[in-house]
Structures are given as C-alpha cells and as structure tokens.
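Structure, as structure tokens:
Because the structure is predicted, anything quoted here is derived from the model rather than measured. Within every chain, numbering begins at 1; the chains are lettered A, B, ... in the order of the sequence lines, protein sequences first and strands thereafter.
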There are 2 protein chains.
Amino acid sequence: MFSKACEYGIRALIFIAMKSSKDERVGNTAIAIAIDSPSAFTAKILQKLVKAKIIKSVKGPYGGFEISEEGLHQTKLTAIVKAIDGDAVYNRCGLGLSECSALKPCPLHDKFKAVRADLKTILDATTLKELASQLEDGTAFLKL
Amino acid sequence: MFSKACEYGIRALIFIAMKSSKDERVGNTAIAIAIDSPSAFTAKILQKLVKAKIIKSVKGPYGGFEISEEGLHQTKLTAIVKAIDGDAVYNRCGLGLSECSALKPCPLHDKFKAVRADLKTILDATTLKELASQLEDGTAFLKL
DNA sequence: TCCTTTATATGATAAAAGTCATTTTTTCTC
DNA sequence: GAGAAAAAATGACTTTTATCATATAAAGGA
C-alpha cells in the first residue's frame, strides 16, 4: 500500500507525537530503536518531514525532533503520505496505465476510484494526536 | 497498490479473456503489443498464471494462451492478485509491523482493515468476463 | 522426418528501493 | 572560544524488482 519509507515515516511520527504531547524532544537514535527501523534510513525520512514542515528539528545538545501542539492536532495522515510517497497513491491508475482517466477509463477505473476515495477519507480523518493517544493508553502498539 | 507484475498480469488476462470469448487464442507477442508491456516480462507472468491454472497454454503453431468459458466466468480478481503478488495485499500490516494483529494492533490496524476488506470485496466480486465485456463494448480501454 | 511456430526455462542485466557509512554543520555547555 | 552532542548532507553499497537475451522443448504442417 505504502512504500517502506512511508511506513517508517508514519511510525516515527506517531512516536514523536507521543513524546511531543509530553513536551519531550526525541532524537533519531531513540526513534529508530522505538519503532524498530534502520536509523540512517529513518534520518533521511525525518529530513523530508522537516522540509515538509510536519516536524521541527533542533540541532545540538538536547536537540531532536518535535511537533507543535498545533501540529499534533492538525497533521493528517494524508499530508504525511503525500510528503513521503507523493500523491501516486491517490491518483495513479490501478493497472498502471498512464492515459487512464474518467474519459478513457481502464476496466477497473471506477471500482478503484471508490476504494481510493475511501482510503483518502480515512487518512484525512486521522490526526497524529489520535494515533499517539492510542499508544499512550495502550490500545495500540508500534513494537512487540 | 499492486506490483507492476500484477498490473501487467491483470491487463494481459483481460485481453486474453476478450479474445477467448471470441474463441481466439493469443500469443505472448500479440498480448505484449496489445497491453503495451515488455514481452519477455509478460511471458514470465503468464507462466505463473498457467501454473496457477488461471489460463491454459498451447504450444506450437496456432498455439497461445486461452481461458476456458468456465474460467471466464469464475476467475475473480482476488485469485489473480493472489497468484502474482501473494496475499500480502490482504494481510500485511499497513505500517509494516510483523507482529501486528487484532490482539496487538498497530494504531492504524482497524482503519486499514476496513479499507482492505472493501478492496477484497470488490476484487472478489469482479470476474474476468465482466472486465472483458467492458473492453468489447468500448466502455473501457487498455491502451490509448 | 524436418522445419517452423510458439511456449518454457534459465541466466544476465538494468533500474529502483532500501540500507549503510562518513563527513559536515549547528548549537549548547563549560 | 573549545569540545561535545545532535541533526543534515552526501555518497556508496545492497537487495529487490523489473527487464532483456538466449537457449530449450513441444506441437503442427509439409
């Protein structure tokens, strides 16, 4: 569904979000351990998210990554996926046809449109805050 | 959503299905041209589909690939995707967690479950016959 | 039987995605 | 300021996925 980079990215963000709601910054190494991801790769993804203004990074001692209170509530999954994977997930033809469109649809066009709209609706209705809360109250997990 | 192999595979099958409903066999080269795919790669995918008993191949002159009348009506997209991509699409955790389950869910587990169930329902309700018909009556296209 | 046609099998190559290692820059603390 | 901590940047490497090329096997027709 998503690229690996995107999976790691979402996981990292959920973790950062949880920390940020306790006003704690968290470094790349700690993130990688917490979400069980290769740390160098994770760093690259985090940079993308910084550039997309989804998280903020602070250099130097006691530095790390953080999300503002505003960001916690306003950042939707759609934005995250778009920042990492682009909007191929939402637009790309399910059968890989470059010319596929409403006017000249592939045989699966309409069916896929429905699924995708569904997915987008869900991603757009989910904030980081919501996901982080699940982690905090133990209803969901990122790691065994 | 699907791998490229799977995209090509579905396209090829729709084309074969259309030909088979006119009782015509079609060869690898013709398929590759019709669906605009690399022919050698397509051949490999077709072999997988032969092994999965989704299509039948006939060697020699006037040979090629075909689908039985029964197959046209009974082959669902779920089976095709499963034959090529395995069942990762249906089972794999959306965040890539190997331990994700109903008991120990990732924060997106339930939301994804819904989308995926949706997708599966659609794929399971779609037969090759149906898709091929769209091609025949010009309501859908595989190529510009 | 031999030649042609077409599928099958296998191995090599290319491109993309993912991972690792190293260096540079920033900023805090002393 | 000097040193240490941490992010940012860069480039190389590995693995996976996709693609190409070649050789083999089967079947029909002359």
Problem set entry | Phosphate contact (D:dA9 OP1 or OP2) by A:Gln47 side-chain N/O below 4.0 Å | yes
For this session: Could you please name the option among C:dC20, D:dA7, D:dA5 that lies closest to any side-chain atom of A:Pro38?
Result: C:dC20
Exercise. How many Å lie between CG on A:Asp85 and P on C:dA17, as a whole number?
Worked result: 10 Å
For this session: Check every atom of C:dT29, D:dA8, C:dG18 against the side chain of A:Val50 and return the nucleotide holding the closest atom.
Result: D:dA8
Exercise. Looking only at N and O atoms, is any donor in the side chain of B:Lys4 or the base of D:dT17 less than 3.5 Å from an acceptor on the other one?
Worked result: no
Exercise. Is it true that A:Lys111 and B:Glu130 make a salt bridge, defined as a side-chain N closer than 4.0 Å to a carboxylate O?
Worked result: yes
For this session: Starting from P on C:dA9, measure out to NZ on B:Lys44 and report it in whole angstrom.
Result: 11 Å
For this session: Using only side-chain N and O atoms of B:Lys51, determine if any of them is under 4.0 Å from OP1 or OP2 of C:dA9.
Result: yes
Exercise. Quick one: on DNA chain C, does A:Phe41 or B:Gly63 contact a more 5' nucleotide (nearest heavy atom)?
Worked result: B:Gly63
Exercise. Under 4.0 Å: is that the gap between some side-chain N or O of B:Tyr8 and OP1 or OP2 of D:dT19?
Worked result: yes
Exercise. What's the closest nucleotide to the B:Ala40 side chain, out of C:dA7, C:dC20, D:dC20?
Worked result: D:dC20
For this session: For the pair A:Arg25 (side chain) and A:Val58 (backbone), establish whether a donor and an acceptor sit closer than 3.5 Å, ignoring hydrogens and angles.
Result: no
Exercise. Side-chain N or O of A:Ser57 less than 4.0 angstrom from OP1 or OP2 on D:dA8?
Worked result: yes
Exercise. Which nucleotide, D:dG29, C:dG18, D:dA7, lies nearest any side-chain atom of A:Lys59?
Worked result: D:dA7
Problem set entry | Side-chain donor-acceptor pair present, A:Thr29, A:Ser39, cut-off under 3.5 Å | no
For this session: Write down the distance between CZ (B:Phe2) and P (D:dT17), rounded to a whole number of angstrom.
Result: 16 Å
Exercise. Is it true that A:Glu99 and A:Lys104 have a side-chain N and a carboxylate O under 4.0 angstrom from each other?
Worked result: no
